[in-house]
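Here the structure comes first, spelled out in structure tokens, and everything after it is commentary.
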Amino acid sequence: MCGIVGAFLATGPVTPVLLDGLRVLEYRGYDSAGLALADGTSQGVRVIKSEGRIANLDNRLAETPLDFDAEDLCAGIGHTRWATHGPPSDVNAHPHGGTGTRLALVHNGIIENYTELKAELQSAGVTFRSDTDSEVLAHLIERALEEAGDLVEAVRSILGRLEGYYALAVLDRHGGRNQLVCARSGPPLALCSTPGGTYLASDILALVAHSNRVVFLDDGDIGRLQANGFEIWDKDGRPAERLATTVEFNSAEAGLGHWPHFMLKEIFEQPDVLARTAFGRIAASGDDVDFEDERLGGDTLADVQRVQVIACGTALHAGQIAAYLIEGLAGIPTDVDFASEFRYRSPCLVPGTLALCISQSGETADTLAAARLAVKHGARLVSICNVDGSSQVRESEGVVLTHAGPEIGVASTKAFTAQLVSAVLLAVRLGRSRESLSREDAAEVLSELRILRSKMGSLLTKEYVEDIKHLARSHMEQTGFLFLGRGVNFPVALEGALKLKEISYMHAEGYAAGEMKHGPIALIDSGMSVFVINAAGPLAGKVRANMEQVQARGGRVVCVGSDPESLTATEEALAVPETLEWLSPILNTIPLQLFAYHVARLRGCDIDKPRNLAKSVTVE
Ligand code: M6R
């Protein structure tokens, strides 16, 4: 949440570079956007910002003649905001300046003690223009800079006073000299350098247009950018070398291409994502999984007595499915918790606990905090994550990278199914390592996983999608939606409801099918659409009985799955190819993603940027 960019070029203009970066990062927050540019004429920093989308900033820039030579504009910073303190508005938009015009600052994070710091500054005569916590940083640095002269020293001198977390960048122009400095504690910040200039961003997506070799700042680091490179100092002020990470994707992959929305593009990428995530890890023998190259060899998975899964949102649903898989295939007791709850528990973790953290971004603040707590309580940390080099990956002892590629749509789709595929692989490996899973059973799961790619493809044909569009049209006026599932498909019901509510703003609830009779059944009438997810398998008869209870009370049932009897017992159905029960969530999810997408599209919602949301939740 909140996107930060910065650039120090050998020759200007920097404005289009910053705007391109902000456009890529807009999914991190779209309450306002702004730039600060080193102004060659006035010997200060010029700030141009606007509430709302980057398109508004474009308009403002068009109305604002930059009365200095654009070619001189070599250094600048930019920000796209997800509001935490103060409503979306022009004044609360970043960048924020101090009392004078020599510097401006952009910030992602939360300064928890900003009220005390603000009061102190106010009593020293400082007038604040915004309601944000971030403006405090600009004033503190401005005052420190008057004494220190050097921006790195000024930034360092105030960091110790801050409670909370931040990724920040400050641009200073004074005496004809530009200084661009960044710092991080918590939210991510990455840098790259090319012969044309040096760049910073809170997400590597904004850097791949310049270079695929990026360096992440560690917590506590401060960086200084110049046109010909950057320097980094650690939290103790010592010069630091940080290893560069090679980014696997290119900027074209992060683009929309011919698709109307990133979400649709990403839904359709899922068969290829499955292949990329799974196929190279299936051992040549076909009956085991090979994680040797991924910090998961050796003894990381040996002696696991218990698994504690931790995640948020869609990743949590993947984690709930992972728990069924790990218990079912590997026979290891597994608990699951919301990261936001786990992080404040006093967890009683038995020796041999493996903390399994699942995250698309690897930067979710709650998941990171929960992971650290689990490690503090003696757990070994393994992550399923989509972003190599992210904080989650760097802090984990073992990692299963999902090869979903950049996921831009705020509603997670391909990252979710990639997490499920990774969970299958991990469960098989755990089962084989302790021999609780036979070679034959492992081979059956893995060979079916290979076939799943074409089964996924059959859910993305023109005819199938047309059926879903038709269903969306006939349900878009319903008063509410219930999604019901059991066993390994219960979390699929939760995910179906989450997808629908986050992008279409329709009220939807996911429920365990067998639990419905204990309360939610009171909601059933013809205005309530009830999606029943029922895969052929041991629980199919039980789910069918739950479905009949809804039908008997006049509920409008849509069956999704492969159980033939359920499919013929309902007027509305989305048939899904049959597969092993363990793998059925991967298929059953796809029609639910498409249904949510088409309902949202019919309702005219902003699908890739749903209201109030941001892609990567780096604040608590
Ligand atoms: O990056 P993460 O996977 O850690 O993100 C977790 C959730 O914030 C995320 O899944 C969120 O629920 C999505 N909006 C779901 O579509």
Side-chain angles (χ1 to χ4, degrees), residues 1-3 27-30 82 186-188 202-205 261-264 266-267 270 309-322 336-343 355-372 383-393 395-396 399-402 404-420 422-423 483 491-492 494-505 508 510 589-590 592-597 600 605-620:
M1 42 205 9
C2 294
Y27 73 96
R28 294 178 70 96
Y30 23 94
W82 187 83
S202 43
D203 191 319
I204 53 177
L205 285 175
H261 298 99
F262 279 106
M263 182 179 177
L264 194 63
E266 289 159 4
I267 289 172
Q270 291 177 107
V309 183
I310 303 165
C312 300
T314 287
L316 180 85
H317 300 152
Q320 290 169 318
I321 294 168
V336 194
D337 203 354
F338 300 96
S340 54
E341 287 299 315
F342 187 87
R343 66 181 289 184
L356 176 62
C357 289
I358 306 181
S359 174
Q360 186 285 130
S361 62
E363 301 293 351
T364 299
D366 285 325
T367 308
L368 284 167
R372 288 171 192 147
S383 290
I384 294 176
C385 190
N386 197 37
V387 181
D388 198 5
S390 61
S391 304
Q392 189 74 50
V393 165
E395 292 184 24
S396 299
V399 178
V400 181
L401 282 176
T402 48
E407 190 181 64
I408 314 284
V410 166
S412 185
T413 52
K414 63 175 180 173
F416 176 68
T417 45
Q419 286 159 357
L420 297 185
S422 304
F483 290 78
V492 173
L494 299 178
E495 177 59 11
L498 177 64
K499 279 293 87 84
L500 185 62
K501 63 188 146 194
E502 71 179 335
I503 59 167
S504 79
Y505 319 140
T589 297
I590 293 178
L592 302 184
Q593 294 170 341
L594 284 166
F595 179 75
Y597 172 83
C605 300
D606 191 346
I607 293 175
D608 285 334
K609 299 188 181 77
R611 69 183 179 208
N612 305 335
L613 289 176
K615 179 72 180 164
S616 175
V617 186
T618 55
V619 296
E620 192 177 353

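One is the number of the first residue; the rest follow in order along the sequence. Whatever order the structure lists them in is the order used to number ligands and atoms, beginning at 1.
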Which atoms from ligand 1 have a heavy atom of Ala315 less than 4.0 Å away? 3 (O), 10 (O)
Among protein heavy atoms, which lies nearest atom 6 (C) of ligand 1, and at what distance? Cys312 O, 3.3 Å
Does Thr367 reach ligand 1 with a nitrogen or oxygen that is under 3.5 Å from one of the ligand's nitrogen or oxygen atoms? no
Please identify which atoms of ligand 1 are closer than 4.0 Å to at least one heavy atom of Glu502. 13 (C), 14 (N), 15 (C), 16 (O)
Looking only at the aromatic ring of each residue, does the gap between the centers of His261 and Tyr597 stay below 6.0 angstrom? yes
Interfacing atoms of ligand 1 (cut-off 4.0 Å, heavy-atom, Gln360): 1 (O), 2 (P), 3 (O), 4 (O)
Could you tell me which atoms of ligand 1, counted from 1 in the order shown, lie closer than 4.0 angstrom to a heavy atom of Lys499? 15 (C), 16 (O)
Sub-3.5 Å donor-acceptor pair from the side chain of Asn386 to the main-chain atoms of Ala404, do we have one? yes
Look at atom 5 (O) of ligand 1 and say which protein heavy atom is nearest, naming residue and atom and giving the distance to 0.1 Å. Thr364 OG1, 3.5 Å
Assess the side chains of Tyr27 and Asp203: does a donor N or O sit below 3.5 Å from an acceptor N or O? yes
Could you verify whether a donor N or O on one side chain and an acceptor N or O on the other, from Ser412 and Thr314, lie under 3.5 Å apart? no
Does Phe338, at its CZ atom, have more than 12 non-hydrogen atoms belonging to other residues, nucleotides or ligands within less than 6.0 Å? no
Value for SG (Cys605) from CZ (Arg611), rounded to nearest 0.5 Å, stands at 7.5 Å
Distance only, no hydrogens: is a donor on one side chain within 3.5 Å (strictly under) of an acceptor on the other, for Gln270 and Thr417? yes
Evaluate Thr314 for polar contact with ligand 1, using N/O atom pairs at a separation under 3.5 Å. yes
Among all protein heavy atoms, pick out the one at the shortest distance from atom 8 (O) of ligand 1; state its residue, atom name and that distance to 0.1 Å. Val617 CG2, 4.1 Å
Identify, by atom number and element, the atoms of ligand 1 in contact range of Ser412, meaning under 4.0 Å from any of its heavy atoms. 15 (C), 16 (O)
I'd like to know if Arg372 and Glu395 make a salt bridge, using a cut-off of under 4.0 Å between side-chain N and carboxylate O. yes
Of the backbone atoms (N, CA, C, O) and the side-chain heavy atoms from C-beta on, which set of Glu363 has a member under 4.0 Å from an atom of ligand 1: side chain, backbone, both, or neither? neither
Residue Val410 vicinity, atoms of ligand 1 by number, heavy atom under 4.0 Å: 13 (C), 14 (N), 16 (O)
Any side-chain donor-acceptor pair under 3.5 Å between Thr413 and Gln593? no
Judging by distance only, is a nitrogen or oxygen of Ser361 under 3.5 angstrom from one on ligand 1? yes
Hey, is Leu613 one of the residues with a heavy atom under 4.0 angstrom from ligand 1? no
Polar contact flag, side-chain donor to acceptor under 3.5 angstrom, Gln392-Ser383: yes
Ligand-side contact atoms (ligand 1) for residue partner Ala411, heavy atom cut-off under 4.0 Å: 16 (O)
